[in-house]
Chemist: 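Okay, here's the structure, questions in a sec.
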Amino acid sequence: MKTAKLLSAVFLSSALLTTACTPKDEAITDKATRDRIIAQNNRKSGKASKPGQTGFKFQFGSFASTTLVVGKQLEALEVLRYALDSQDVHKSVYKADVKKRDDGSDSVTLVADKVVTNYTTSKGEFSNTLSKTWKIDVTYVDGQVATVKAVSAKSRASLDQKNLEKTFVNMNEDEAVVEALNEGGVLKVSITAKGVINGRLKNAATREQYEFSEKLEVSLDELLAGKASALKLDAKLDYMKENGKPWSTTLKANKMTVELQGLCNVAIFESALKGKTPKNMISTSEGIEVTQSSFKSTYAACGSRPTIDLSLLLIY
C-alpha cells in the first residue's frame, strides 16, 4: 500500500506563568497554596509531564487528533453506505427507516438512541454512549444514485474509562453534514462538522471547540461492498481552546483503505509524519501506533468497536 502523506501541525502559544510568593521563613500550610507552588515549579522544571502529577496540563495531542479525523471519515462513509443500502445496518449502532417519495427520491433516517458500547483495548476498559440522528436525502437519475445529503444536529458521544476515576471524553456536536455527488460511479464526498469536545485525565481537564472539514473520493460499488479505498483525501480539524488560542491537525492522503462492517469499522494505512524526528503512523485491522513514540493502542474486538474511538484521545 502506498504511503500516505500525513501532516500534523500543532500551534500552541505558551501560557503566562505567575510567581507565587510567600513571606520569608513562613511555613506554607495551606494545601491550595502548596499545590499552586508545586505546579509552578513542575512546569518550570518540566516534571509535570505525566497524568496525575500536580500541574499536569491535559490537551488532545496531535497524534490523537489525527485518529479523530480518521474516525469522522469512517463515520461519514458508514452513513453514506447505509443511506444507499440499509441491509446490514443491524450490524451497526443505527436503526434505519427508509421511505420512498413520489418523486423517486429516498428519505432515510438513521438513529442511534443512547446506544452503549462496552469495549476493551490495550489501554483499558471503556464505555461509550452515542445519541445521534441522521436525516438523509437520496436522489436518483435514470435509476442511478445522483446525490446524497445527510445532516445530523445536536448529537452527543460520551466515553468513560472504567476503573479509573474522573477519566472521560465528551463530544457534543452541534451539526454534521455529509454530501456526496456521483460522477461516473465515483462519489465525491464533502464532510463538515462543528461542536465542543471536552475531557478529563485524572486531575487535569480540557475543553475545546472544534471545526472539521474533509473532501475525498470513493468508488460507489466499493462503498456498497463495505471495503473501499478513500482517494484524494484532504482533511482538517481546527481546535479553539477556551483561552482563544487555536491549533490545527491536517491530513492528506492519496489512498487509505476503509473497511465498513458496523461495529468493526477500521481504516488501514501507513503514513509518514513530518517533523524533526521522522515517524510513521501505522493503522492495521488490529490497532494503531506511531513509531518512535508512546502512542500505541489495540482496537476493540469486532462487534464492540465504536466507529469513533474517543479512548484514543486519552493517550498521552
Side-chain angles (χ1 to χ4, degrees), residues 51 58 60 64-65 67-79 81-82 86 88-97 108-136 150-178 191 193-202 204-210 212 237 239 260-267 287-288 297-316:
F58 175 45
F60 301 126
S65 296
T67 69
L68 181 57
V69 169
V70 175
K72 292 296 292 178
Q73 170 189 301
L74 283 172
E75 177 187 59
L77 293 177
E78 179 181 52
V79 167
R81 184 190 182 200
Y82 293 139
S86 60
D88 291 330
V89 73
H90 63 279
K91 297 179 181 179
S92 75
V93 295
Y94 297 112
K95 292 183 178 179
D97 179 65
V108 183
T109 302
L110 297 178
V111 179
D113 185 11
K114 297 180 181 178
V115 177
V116 177
T117 303
N118 295 307
Y119 64 102
T120 301
T121 73
S122 58
K123 294 300 182 181
E125 296 182 27
F126 303 91
S127 181
N128 186 82
T129 303
L130 178 65
S131 296
K132 195 159 196 170
T133 298
W134 292 93
K135 298 289 187 179
I136 310 167
V151 178
S152 171
K154 299 297 181 183
S155 67
R156 177 179 173 85
S158 58
L159 172 110
D160 289 293
Q161 184 162 359
K162 298 180 179 181
N163 305 318
L164 195 57
E165 186 179 2
K166 296 181 179 180
T167 301
F168 62 84
V169 177
N170 294 323
M171 189 172 186
N172 296 296
E173 198 159 76
D174 296 327
E175 184 182 61
V177 179
V178 180
I191 313 163
K194 61 181 180 180
V196 175
I197 185 166
N198 69 290
R200 189 173 186 90
L201 185 56
K202 295 185 179 179
T206 188
R207 182 180 186 277
E208 303 174 25
Q209 297 178 1
Y210 70 91
F212 173 76
L237 177 67
Y239 283 134
L260 304 171
Q261 302 296 335
L263 286 165
C264 192
N265 296 332
V266 69
I288 190 167
S297 177
T298 60
Y299 292 134
C302 283
S304 62
R305 181 183 299 171
T307 298
I308 299 178
D309 187 353
L310 295 177
S311 74
L312 296 173
L313 293 176
L314 294 171
I315 299 178
Y316 206 88

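By convention here, the first residue in the shown sequence is residue 1.
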Chemist: According to ring-ring contact (aromatic ring centres under 6.0 Å, His included), who are the partners of Tyr299, at least two apart in sequence or on a separate chain?
Modeler: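 Result, ring-ring contact (aromatic ring centres under 6.0 Å, His included) vs Tyr299: none returned.
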Chemist: Check the surroundings of atom NZ in Lys123: do more than 12 heavy atoms from other residues, nucleotides or ligands lie under 6.0 Å from it?
Modeler: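 Enclosed: over 12 neighbouring heavy atoms sit under 6.0 Å from NZ of Lys123.
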Chemist: Which residues satisfy the side-chain contact (heavy atoms from CB on, under 4.5 Å) test with Lys135, sequence neighbours excluded?
Modeler: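 Scan of Lys135 (side-chain contact (heavy atoms from CB on, under 4.5 Å), adjacent residues dropped) gives Thr109, Thr133.
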Chemist: Taking all atoms of both residues into account, what is the closest heavy-atom pair of Ser92 and Glu78, and its distance?
Modeler: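 Residues Ser92 and Glu78, closest heavy atoms: CB-OE2, 3.7 Å.
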Chemist: Tell me the closest heavy-atom pair linking Leu110 and Ala96, and the distance in Å.
Modeler: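 Result for this residue pair: CD2-CB, 3.6 Å.
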Chemist: Under the salt bridge (Lys or Arg N to Asp or Glu O under 4.0 Å) rule, collect the residues that match up with Lys132, sequence neighbours excluded.
Modeler: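 Counting only residues at least two positions away or on another chain, Lys132 forms a salt bridge (Lys or Arg N to Asp or Glu O under 4.0 Å) with Glu75, Glu173.
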Chemist: Distance from Ile288 atom CD1 to Ser297 atom OG, nearest 0.5 Å?
Modeler: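 One gets 8.5 Å once the value is rounded to the nearest 0.5 Å.
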Chemist: Measure the shortest side-chain to side-chain distance between Lys154 and Asp174 over non-hydrogen atoms and say whether it is less than 4.5 angstrom.
Modeler: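 With C-beta onward as the side chain, the pair touches.
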Chemist: Does any part of the side chain of Tyr94, heavy atoms only, come nearer than 4.5 Å to the side chain of Val79, both counted from C-beta?
Modeler: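 Side chain of Val79 against side chain of Tyr94, heavy atoms only: contact under 4.5 Å found.
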Chemist: Check step by step if side-chain contact (heavy atoms from CB on, under 4.5 Å) holds for Arg305 and Asn265.
Modeler: CA-CA 7 Å; Arg305 181 183 299 171; Asn265 296 332; 5.7 Å; no
Chemist: For Phe212 versus Ile191, what's the shortest heavy-atom pair and its separation?
Modeler: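 Minimum heavy-atom contact is CE2-CG2, 3.8 Å.
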Chemist: With sequence neighbours left out, write down each residue that passes side-chain contact (heavy atoms from CB on, under 4.5 Å) with Val177, or none if nothing qualifies.
Modeler: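 Once residues adjacent in sequence are excluded, the partners of Val177 under the side-chain contact (heavy atoms from CB on, under 4.5 Å) criterion are Lys149, Val151, Glu175, Glu179, Thr192.
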Chemist: To the closest 0.5 Å, what do you measure between NZ (Lys72) and OG1 (Thr307)?
Modeler: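 Between atom NZ of Lys72 and atom OG1 of Thr307 there are 10.5 Å.
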Chemist: Applying side-chain contact (heavy atoms from CB on, under 4.5 Å), name anything that partners Asp160, two or more places apart in sequence or on another chain.
Modeler: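 Per chain and number, Asp160 pairs via side-chain contact (heavy atoms from CB on, under 4.5 Å) with Phe168.
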Chemist: What's the spacing between Thr67 OG1 and Leu313 CG if we round to 0.5 Å?
Modeler: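 Output value for this atom pair is 5.5 Å.
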Chemist: With sequence neighbours excluded, tell me which residues meet side-chain hydrogen bond (donor to acceptor under 3.5 Å, both in side chains) with Asp97.
Modeler: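 Expected list: Lys99.
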Chemist: Restricting to ring-ring contact (aromatic ring centres under 6.0 Å, His included), what partner residues turn up for Tyr82, sequence neighbours left out?
Modeler: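 Partners of Tyr82 under the ring-ring contact (aromatic ring centres under 6.0 Å, His included) test: none.
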Chemist: How long is the span from the CD1 atom in Ile197 to the CD atom in Glu208, to the nearest 0.5 Å?
Modeler: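 Ile197 CD1 to Glu208 CD: 8.0 Å, rounded to 0.5 Å.
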Chemist: Could you tell me whether a side-chain N or O of Thr298 sits under 3.5 Å from a main-chain N or O of Ser122, the two making a donor and an acceptor?
Modeler: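 Confirmed, Thr298 side chain pairs with Ser122 backbone.
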Chemist: Looking at every heavy atom in both Gly71 and Ile308, which two are closest together, and how far apart are they?
Modeler: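 Answer, listing the atom of Gly71 first, then Ile308: O-CG1, 3.5 Å.
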Chemist: How many angstroms lie between atom OH of Tyr210 and atom CG of Asn198, to the nearest 0.5 angstrom?
Modeler: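 That separation rounds to 11.0 Å.
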Chemist: Quick check: closest heavy atoms across Val178 and Ala76, and the distance to 0.1 Å?
Modeler: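 Reported closest heavy-atom pair: CG2-CB, 3.7 Å.
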Chemist: Using residues 111-119 as the side-chain source, report each donor-acceptor pair under 3.5 Å to any protein atom, sequence neighbours left out, with the distance given to one decimal.
Modeler:
{"residue": "Asn118", "atom": "OD1", "partner": "Ser127", "partner atom": "OG", "Å": "2.9"}
{"residue": "Asn118", "atom": "OD1", "partner": "Lys162", "partner atom": "NZ", "Å": "3.4"}
{"residue": "Tyr119", "atom": "OH", "partner": "Asp309", "partner atom": "OD1", "Å": "2.6"}

Chemist: Residues in side-chain hydrogen bond (donor to acceptor under 3.5 Å, both in side chains) with Asn128, at least two apart?
Modeler: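 Counting only residues at least two positions away or on another chain, Asn128 forms no side-chain hydrogen bond (donor to acceptor under 3.5 Å, both in side chains).
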Chemist: Test of understanding: with side-chain contact (heavy atoms from CB on, under 4.5 Å), list the residues that count as partners of Thr167, not counting sequence neighbours.
Modeler: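 Gln161, Leu164, Leu201, Lys202, Leu314.
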Chemist: Is Pro306 close to Leu130 at the side-chain level, that is, under 4.5 Å between some pair of heavy atoms?
Modeler: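 Sidechains of Pro306 and Leu130: no contact.
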Chemist: Indicate the atoms forming the closest heavy-atom contact of Ala300 with Thr121, along with that distance.
Modeler: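 Closest pair (atom of Ala300, atom of Thr121, distance): N-CG2, 4.0 Å.
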Chemist: Who passes side-chain hydrogen bond (donor to acceptor under 3.5 Å, both in side chains) against Ser65, sequence neighbours left out?
Modeler: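 In terms of side-chain hydrogen bond (donor to acceptor under 3.5 Å, both in side chains), with neighbours along the sequence ignored, Ser65 is linked to Tyr239.
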